[in-house]
Structures are given as C-alpha cells and as structure tokens.
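Please read all numbers here as calculations on a predicted model, not as lab measurements.
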Amino acid sequence: MLVSWNVTRRCNLRCGHCYRDAGPAAPGELSTTEGLALVDEIARAGFRILILSGGEPLLREDLLDLIARARERGLRPVLGTNGTLIDRAAARDLLRAGAAAAGISLDSLRPEYHDAFRGLAGAWQAAVAGIEACRAAGLPFQIHTTVTRQNCHEVEALTDLAVELGAQAHHVFFLVAVGRAAALADADLDPKGYEELLRRLLIKGREVPIEVKPTCAPQFMRLARQMGVPTRYTRGCLAGIAYCLVNPVGDVQPCAYLDLVAGNVRATPFGEIWRHSPVFAALRAGRYRGKCGRCRYREICGGCRARAFAATGDYLDEEPRCPYGETEAGHAAGCLG
C-alpha cells in the first residue's frame, strides 16, 4: 500500500494542470511535530511507500527530517518533485536522509513547451539538471510526464530519453480535470485518444528496459489483458483501496484528484480514517454505476473515481474517459504533432 502526503502547497512553479493550485503555503499546514506523528501513524497502518509531494516538497524546511523518520519506521520514502531545486548537494542530502527515489517531471523534449506548461522560463533545463544531479549522487529517479494533445506524440521519445538519462521508470500521467486542469479541457484527449495512447504505451513498455506505466488511466489494465501484455499490477485505480492522500492541512482523500475528505488527521488518527471511513468503505465495495458497474473488467480496472466525481458529482459513477463497450465509430481526438 502507498500513501501520498502533500507536505506543502508552496511551489516555485505555476503548472497549468496542478490539482492543488499550488503557489503560496496553505494556512495551517501540518507542523513538524504533526508531520512526524503522521509518518508514525502511516507506518502503523501498514503502508509501505510514502510519497512526499506538494506543491514542491523541497520547499519544506524539515523535509530531510520527515524522510529520515519515514525510513526509521520502515517506510520507503520517495519524492514527487519538479526537480528544479535539486542540485548535487541536495541530492546527496536526500540520499543520506534515506530517500529511496525521486519522481521528476519532464513533459516534453521541447524546453519551450515544458516551460510554458510549468509556468517558468528555464524550468526544463533546471529539471534536467536535477535529474543529472540525482544520477551523479546515486539517488534513483524516474521521469513523470503529463500528457496533453500537444505533447502526446512525444511520449515514446521521452521514454527513450528516460532510458538514456538512467531513469528507473517512465510514468505517464493522464489529465484529470480538477484544480487548474479544469481549464485545460481543449488540451485533453478524448476517450478514443486515451485508448490509442494507452496501446502505444503498453507496446513501448515491451521494447525498453525500464517500466513504462500509465497513471490515472486505470483502463490500461483491461488493455493489457486484451493485448496479452504482462504487468506486475493487479488493479488500475487504487483510490481508497491501496492508496490515499493527505493534503497539506491533514485532510485525507482517496486520491490526489478526488477532492472528497474522508477525515482529518488532527481530529482522528490516520489509521482509524483508513480503516473506518465510509468513503473508503464505499470504494472498497466497488458497487459502481453505469457502464463501470456492468463491465467485465471492473475488478482489475475500477475506472477513475476522480473523473466520475468531476463529471457527475458521484464518485461511484462510470468512468467518462473509457470508451469500452461503446461504438467504435469515429476517430480519436489524438495528438497534435
């Protein structure tokens, strides 16, 4: 099981798709004392991986202490970062504190696209420098790419770059229209465009020596089975089942994109929220509505609960980005090359 903790809302970038609407710190972010207690609770609840993200986690002054505590408690602490603040000294410090890996965002081979998407001139070069610093320090890393119609033709080339740079994996994130991404509807792929890209990613993953994983696109599990592509995963959407998120002020959500509060760690211990929240109980029961409820692949896919919630206000409704079971007529709104 894994949990993400947005350790701060502070960020040095202004990414167009940010679900947290990051920028300044959120009022009332968890203190160091509260954060260390949260790490202890996460370990006691049986989780194994703790993703420290933001905002930008390197802007949190006690980040190394949080990483060290996670490692002491038997967790595998990893970072979700834009990479721009990692130099060789920072990479060595992260490794020394116990960080197991860093996930660094790189959205294009074209610096101008990445910089515009991330809201800062020079962000691409700084991210690549961060990647090189991790490699020099011996801190394992993977590359994260968020896809839109403007960059999805580059995805396989970005996987090749990830291999060249020494990454352990390339995780490809599909947009969820929440936070700032709600304004990016015209940049998103339609359901058939998603399907087309997922097929390409599954094929690419068989050609390279690193993991290529679609993220926030749980129907990849159905496609993997249909295409006969082996995968180490057993389920697509893990929200509330084997994954959850803690936001900067302690609210616990099923996932980063499903803005539905299951409890707050200041009022209720994390482990109790995880075990007893009605929101999590409903997700674990898996009684989906619409075509997700009828789908033969519902137990290995699960549909994206956040997209369902964003579209209808019902997190158990059908996944609006999945075309399975619908007519095959028409063409995908795919990549803009």
Side-chain angles (χ1 to χ4, degrees), residues 1-7 9 19-21 26-30 34-35 37-53 73 75 174 176-179 181-182 215-219 221 233-322:
M1 298 194 301
L2 64 160
V3 57
S4 294
W5 174 22
N6 295 153
V7 296
R9 199 179 68 183
Y19 64 84
R20 189 56 63 206
D21 195 19
E29 293 186 351
L30 296 180
E34 291 172 318
L38 173 61
V39 170
D40 293 348
E41 270 288 313
I42 287 169
R44 279 195 292 270
F47 284 77
R48 293 291 175 263
I49 299 173
L50 173 59
I51 304 165
L52 300 160
S53 62
R73 294 297 185 260
L75 293 164
F174 286 66
V176 182
V178 298
T215 301
C216 298
Q219 59 266 40
M221 289 293 296
Y233 298 95
T234 58
R235 183 179 170 87
C237 182
L238 301 178
I241 298 169
Y243 170 78
C244 68
L245 173 135
V246 183
N247 77 8
V249 297
D251 290 333
V252 180
Q253 303 171 206
C255 84
Y257 306 96
L258 181 46
D259 193 11
L260 197 64
V261 177
N264 185 283
V265 299
R266 283 179 166 139
T268 308
F270 172 84
E272 291 187 25
I273 297 170
W274 176 251
R275 289 187 295 270
H276 303 302
S277 164
V279 173
F280 292 157
L283 288 165
R284 291 162 192 167
R287 298 189 183 95
Y288 309 128
R289 289 181 261 281
K291 64 185 179 183
C292 283
R294 301 185 297 270
C295 182
R296 70 168 78 176
Y297 297 102
R298 63 184 178 274
E299 292 186 2
I300 64 167
C301 172
C304 177
R305 300 299 95 216
R307 287 195 186 92
F309 188 68
T312 70
D314 181 357
Y315 63 97
L316 297 176
D317 210 340
E318 65 186 30
E319 151 74 271
R321 287 291 175 185
C322 179

- Item | Identified side-chain contact (heavy atoms from CB on, under 4.5 Å) counterpart of Tyr19 within the set Asp259, Leu258, Val178 | Val178
- Note on the structure: Heavy-atom closest pair (Pro254 atom, Phe280 atom, distance to 0.1 Å) is CA-CE2, 3.6 Å
- Item | Rounded distance [0.5 Å steps], CZ in Phe270 versus CZ in Phe47 | 4.0 Å
- If you round to the nearest 0.5 Å, how far is CG of Asn6 from CG of Leu52? 10.0 Å
- Item | Sequence neighbours excluded - side chain to side chain donor-acceptor pair (under 3.5 Å) pairs with any residue from residues 237-252 | Ser4-Tyr243, Asn247-Asp251, Asp251-Asn264
- Query: Looking at Tyr315 and Val279, what are the two nearest heavy atoms and their distance?
  - Reply: OH-CA, 3.9 Å
- For Asp317, what residues pass the side-chain contact (heavy atoms from CB on, under 4.5 Å) criterion, not counting sequence neighbours? Arg289, Ala308, Thr312, Asp314
- Task: Measure across Cys255 and Ala306 and return the closest heavy-atom pair with its distance rounded to 0.1 Å.
- Result: SG-CB, 4.1 Å
- Query: Which heavy atom in Gly302 sits nearest to a heavy atom in Cys237, and how many Å separate them?
  - Reply: C-CB, 4.4 Å
- Query: How would you list all residue pairs meeting ring pair (Phe, Tyr, Trp, His ring centres under 6.0 Å) that involve residues 281-312, not counting sequence neighbours?
  - Reply: Tyr297-Tyr324
- Between OG1 of Thr234 and CE of Met221, what distance do you get to the nearest 0.5 Å? 6.0 Å
- Does any pair with a residue in residues 267-278 pass side chain to side chain donor-acceptor pair (under 3.5 Å), and if so which ones, sequence neighbours excluded? none
- Start with the C-alpha distance between Arg287 and Leu316, add both sets of side-chain angles, then the distance that settles side chain to side chain contact (heavy atoms under 4.5 Å, CB included), and finish with yes or no. CA-CA 7 Å; Arg287 298 189 183 95; Leu316 297 176; 5.5 Å; no
- Message: I'd like to check the side-chain contact (heavy atoms from CB on, under 4.5 Å) partners of Glu29; sequence neighbours left out, ordered by chain and number.
- Response: Thr8, Arg9, Ala25, Ala26, Pro248
- The reported gap from CZ in Phe174 to CD in Gln219 (rounded to nearest 0.5 angstrom) is 7.5 Å
- Sequence-distant partners of Arg284, salt bridge (charged side-chain N to carboxylate O under 4.0 Å, His left out), two or more places apart: none
- Task: Can you see which heavy atom on Asp40 is nearest to which on Arg73, and at what distance?
- Result: OD1-NE, 2.8 Å
- Note on the structure: side chain to side chain donor-acceptor pair (under 3.5 Å) filter on Arg298, not counting sequence neighbours, yields none
- Could you grab the distance from atom CG of Leu2 to atom CD1 of Ile42, nearest 0.5 Å is fine? 10.5 Å
- Mark yes or no for whether Gln253, through its side chain, and Leu245, through its backbone, hold a donor-acceptor pair below 3.5 Å. no
- Note on the structure: From the list Val261, Val246, Leu260, side-chain contact (heavy atoms from CB on, under 4.5 Å) partner of Val252 resolves to Val246
- Message: With rounding to the nearest 0.5 angstrom, report the CG to SG distance, Leu238 to Cys244.
- Response: 11.0 Å
- Locate the shortest heavy-atom distance separating Pro218 from Cys304; write the atom from each residue and the value. CG-N, 3.5 Å
- Residues two or more places apart in sequence or in another chain: which of them pass salt bridge (charged side-chain N to carboxylate O under 4.0 Å, His left out) with Arg266? Glu34
- Task: Please list, chain by chain and in numerical order, all residues satisfying salt bridge (charged side-chain N to carboxylate O under 4.0 Å, His left out) with Arg235, sequence neighbours excluded.
- Result: none
- By side-chain contact (heavy atoms from CB on, under 4.5 Å) - contacts of Arg48 (at least two apart): none
- Item | Set of side-chain contact (heavy atoms from CB on, under 4.5 Å) partners for Ala182, sequence neighbours left out | none
- Message: Looking at Lys291, is its backbone amide N or carbonyl O close enough to the side chain of Glu318 to form a donor-acceptor pair, meaning the two atoms are under 3.5 Å apart?
- Response: yes
- Query: Residues in salt bridge (charged side-chain N to carboxylate O under 4.0 Å, His left out) with Arg305, at least two apart?
  - Reply: none
